[in-house]
Asks: 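Structure below; questions to follow.
Side chains are part of it too, since the values below use all heavy atoms of this structure and drop only hydrogens, waters and symmetry mates. Atoms within each ligand, like the ligands themselves, are counted from 1 in listed order.
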Amino acid sequence: MKLVRCPNCGFVCKRNGKTNAGSQRWYCNQCSCSFTNKVNKTNNNLQIFLDWLFGKHTQLDMAGDGRSFRRKTSQFWELWPLPPKVESSSSVVFVDGIYLARNACILICCNETHVLGWYVCRYEHSKAWEVLLRRISPPTVVVSDGGTGFQKALKKFG
Ligand SMILES: [Zn+2]
C-alpha cells in the first residue's frame, strides 16, 4: 500500500477513522494533525486527454462511448496552447491561411519539417500575419499563396 505522508511535516501517517462523508481520515503522530487525502485527478485526466489527442482512437472508442471521456476532459478544450518563439532562422518557410469555419481562420507558418507557429484570427489580414511573423526569426525565403494582407505585413519585416 502507498504510504500516506503528512502534508505539514512529511511524516508517515496512520488511518484515523472516517469522516461523516465516508472519506478516510489520517492522523500524523509527529505534528498531531488530522487530514483527509483529497484525490486530484487533473493530472490523470490531462494524460488521458493527451493520449487521445495524439493517438488514433475516436471519442467513441473511449470509456462510456466517449461520454465519460468528454466529462473528464472537458476543461482541457479551454487550454489555448501558445506557439513558442522561434529563434533559429530557417532558410525557407511556408505560410498559409486555412479557414476552419466562416469566422475562424488559422494562419500557419512551417519549414520543411516542422510547424513553427500559428495564429488564429477571424479572417486573413495584415495585422494577423504580423503577429505570426513577429514570433518567427526572419527566413531567407517565404513561400506564400499571396493570402490577403500578407504582402503588406511582410513589408514591415523588410
Ligand atoms: Zn505531521
Side-chain angles (χ1 to χ4, degrees), residues 1-91 93-125 127-139 153 156-157:
M1 206 195 92
K2 211 171 123 186
L3 294 178
V4 173
R5 292 184 180 275
C6 171
N8 298 329
C9 67
F11 200 77
V12 177
C13 298
K14 287 185 171 167
R15 288 173 193 277
N16 184 27
K18 303 232 171 170
T19 64
N20 288 338
S23 314
Q24 180 66 55
R25 190 188 290 123
W26 299 86
Y27 181 76
C28 174
N29 274 330
Q30 187 79 3
C31 67
S32 308
C33 82
S34 176
F35 62 95
T36 55
N37 224 355
K38 290 211 172 57
V39 178
N40 185 342
K41 293 199 168 164
T42 307
N43 288 348
N44 273 346
N45 289 341
L46 177 62
Q47 197 54 56
I48 290 169
F49 181 70
L50 292 176
D51 288 345
W52 170 79
L53 189 62
F54 297 112
K56 290 180 177 173
H57 295 291
T58 64
Q59 287 190 14
L60 205 59
D61 298 331
M62 307 303 283
D65 291 341
R67 282 190 300 276
S68 306
F69 170 76
R70 285 192 291 276
R71 178 173 40 78
K72 285 178 184 172
T73 60
S74 60
Q75 62 182 309
F76 305 122
W77 289 102
E78 308 294 322
L79 296 178
W80 195 256
L82 286 176
K85 271 196 168 179
V86 178
E87 309 285 3
S88 62
S89 185
S90 304
S91 53
V93 299
F94 306 87
V95 295
D96 202 1
I98 298 162
Y99 279 88
L100 302 173
R102 201 196 217 326
N103 274 325
C105 179
I106 182 160
L107 310 179
I108 300 178
C109 178
C110 60
N111 62 16
E112 288 95 333
T113 52
H114 291 90
V115 172
L116 302 175
W118 61 89
Y119 185 75
V120 179
C121 49
R122 297 181 79 80
Y123 58 93
E124 282 184 72
H125 56 100
K127 282 273 185 275
W129 282 114
E130 267 179 62
V131 175
L132 174 65
L133 294 176
R134 214 179 292 136
R135 302 185 67 86
I136 292 158
S137 179
K156 296 212 171 174
F157 295 87

Asks: Return yes when at least one N/O/S atom of Cys9 is nearer than 2.8 Å to the Zn ion (ligand 1), and no when none is.
Replies: yes
Asks: Do Phe49 and Trp77 have ring centres separated by under 6.0 Å?
Replies: yes
Asks: Verify, without hydrogens or angle tests, whether Gln24 (side chain) and Gly17 (backbone) share a donor-acceptor contact under 3.5 angstrom.
Replies: yes
Asks: Taking 2.8 Å as the cut-off, does Cys13 contribute an N, O or S atom near the Zn ion (ligand 1), distance below it?
Replies: no
Asks: Can you give the angle Cys6 SG - the Zn ion (ligand 1) - Cys28 SG, rounded to 10°?
Replies: 110°
Asks: Report the residues that fulfil side-chain contact (heavy atoms from CB on, under 4.5 Å) with Asp61, sequence neighbours left out, ordered by chain and then residue number.
Replies: His57, Thr58
Asks: Can a donor-acceptor pair be found between the side chains of Gln47 and Asn43 at a distance below 3.5 Å?
Replies: no
